[in-house]
Amino acid sequence: MKADRLLIDCHVATMIEGGAPYGAVEDAAVVVADGRIAWAGPRADMPTVAADEVERLDGRWVTPGLIDCHTHLVFGGDRSGEFEQRLQGASYEEIARAGGGIVSSVKATRAASEDQLFASAMRRLEGLKDTGVTTVEIKSGYGLDRDSELKMLRVARRIGREGGVRVRTAYLGLHAVPPEHRADRAAYVDKAVDGILPAAHAEGLVDMVDAYCEPIAFSGEEVARLFDKARALGLPVKLHADQLSDGGGAALAARYQALSADHIEHTTEAGVKAMAEAGVVAVLLPGAYLMLRETQTPPVDLLRRHGVRMAVATDCNPGTSPLASMTAAMNLACVQFRLTPEEALAGATRNAARALGLKDVGVIAPGMAADLAAWDVARPAELAYWLGKPMLHRRWIAGAPAS
């Protein structure tokens, strides 16, 4: 077998379901050819390989590259002042209704140039890359007018070209009502649905469509309009659902066969059943739960009972989740939501891939993209155990070392 790269003297958490925990193979080898996994398994069973490069990993563990399937990585400014306000007793809803929250990030994002947004996002991206991330979802939603939304999405595409990660973009036009449309939200919904989304799609800037369905944001009827437009354009959808209240968001996501319903702290069993029937992934966002000091956890036991796949993501954003570490997100998902370390790693690999509609990443198996991470750990559970400890040895994207 001819190969570009051979990884040996390693253990591999393939994350393939149905076998050993973590899909673990000890004393393993991974063969990479043309950017894809050509073979992976016990080194004793490895076929004869002629590899251009052989890397000995000194007993390290190799996993699929981690996937952060929910981020707001591109934005202007920060909201550390609101962090102080919340610690002094103000609620997220009170801050938002007073003109803070998302709207304050909109002002800073509109004022920033593409180069400024790119530079600041790249600084945040370093934290994700240092914790093994090879694929990142990046949303718009802090522009809320045509030029600024397209600016954000162009920056996201640039990150995918220059940032050392794969990027999937999400148009989040229904994130908040911009200040200039407070007196006429219907006019903004018209613009977001019929103007901005088609323009972004025409430029090739959109991989999926998202919305924020909450009383302080947009109603189910308004979201349905956006999702109908996305369907007409052939774009998949996902939804910020039931984070602050039970607004039927999970059921709405299921009705549109969304890739994922995200947050879902207040989702009922009926919503979970709907997600299960539609194959909607539950994206758990423990960073926002932590920062907002929430007390209502996502219905993890119901998700397990009904067979809903659970992903884990950082929700990296300036207001409610200034979190730029996937391993920290995994730890928080275990500590706060009682996921097992194996569930957390599955949530950052194969289930995160499903939440983005990706079929060639998230597990280590023949034919999959060779997006990999090698770790200085003795067992995979350490990835969710340590909080703040550097563990990454190396990343590869399409079989090539990634900086």
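Contact check for Ile159 versus Leu125: side-chain heavy atoms found under the 4.5 Å cut-off. Side-chain atoms of His306 and Met275, non-hydrogen and from C-beta on, never get closer than 4.5 Å to each other.
Between the Arg157 side chain and the Gly204 main chain, a donor and an acceptor come within less than 3.5 Å of each other. Using modelled atom types, one side-chain atom of Arg395 and one backbone atom of Ser403 make a donor-acceptor pair closer than 3.5 Å. Listed for the Thr169 side chain is a donor-acceptor partner under 3.5 Å among the backbone atoms of Asp207. Looking at Trp61, its side chain does come within 3.5 Å of a backbone N or O of Ala378 through a donor-acceptor pair. Of the possible donor and acceptor atoms, one in the side chain of Glu149 sits under 3.5 Å from a partner among the backbone N and O of Leu144. Checking side-chain atoms of Thr71 against main-chain N and O of Glu137 turns up a donor-acceptor pair under 3.5 Å.
Every residue two or more places apart in sequence or in another chain that forms a side chain to side chain contact (heavy atoms under 4.5 Å, CB included) with Ala373 is listed here: Thr63, Trp375, Leu392. Residues that satisfy the side chain to side chain contact (heavy atoms under 4.5 Å, CB included) test with Glu94, not counting sequence neighbours, are Ala90, Ser91. Asp301 meets the side chain to side chain contact (heavy atoms under 4.5 Å, CB included) test with Arg304; sequence neighbours excluded. Among residues two or more places apart in sequence or in another chain, the salt bridge (Lys or Arg N to Asp or Glu O under 4.0 Å) test is passed with Glu180 by Arg110. In this structure, Thr297 has no side chain to side chain donor-acceptor pair (under 3.5 Å) partners at least two apart in sequence or on a different chain. Here Glu265 pairs with nothing under the salt bridge (Lys or Arg N to Asp or Glu O under 4.0 Å) rule; sequence neighbours left out. By the side chain to side chain donor-acceptor pair (under 3.5 Å) test, Arg86 is found to be paired with no residue, residues two or more places apart in sequence or in another chain being considered. Among residues two or more places apart in sequence or in another chain, the side chain to side chain contact (heavy atoms under 4.5 Å, CB included) test is passed with Arg338 by none. Checked against salt bridge (Lys or Arg N to Asp or Glu O under 4.0 Å), Arg350 has the following partners two or more places apart in sequence or in another chain: Glu17. With sequence neighbours excluded, no residue satisfies side chain to side chain donor-acceptor pair (under 3.5 Å) with His11.
Counting non-hydrogen atoms of neighbouring residues, nucleotides and ligands closer than 6.0 angstrom, the CD atom of Gln296 exceeds 12 such neighbours. Lys359 NZ: 12 or fewer foreign heavy atoms inside a 6.0 Å radius.
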Name every donor-acceptor pair, under 3.5 Å, that has one atom in a side chain of residues 192-201 and the other anywhere in the protein, sequence neighbours excluded.
residue: Asp194; atom: OD2; partner: Arg225; partner atom: NH2; Å: 3.1

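Residue pairs meeting the ring-ring contact (aromatic ring centres under 6.0 Å, His included) criterion with at least one partner in residues 214-263, sequence neighbours excluded, are His70-His240, His70-His263, His72-His240, Tyr212-His240, Phe227-Tyr256, His240-His263.
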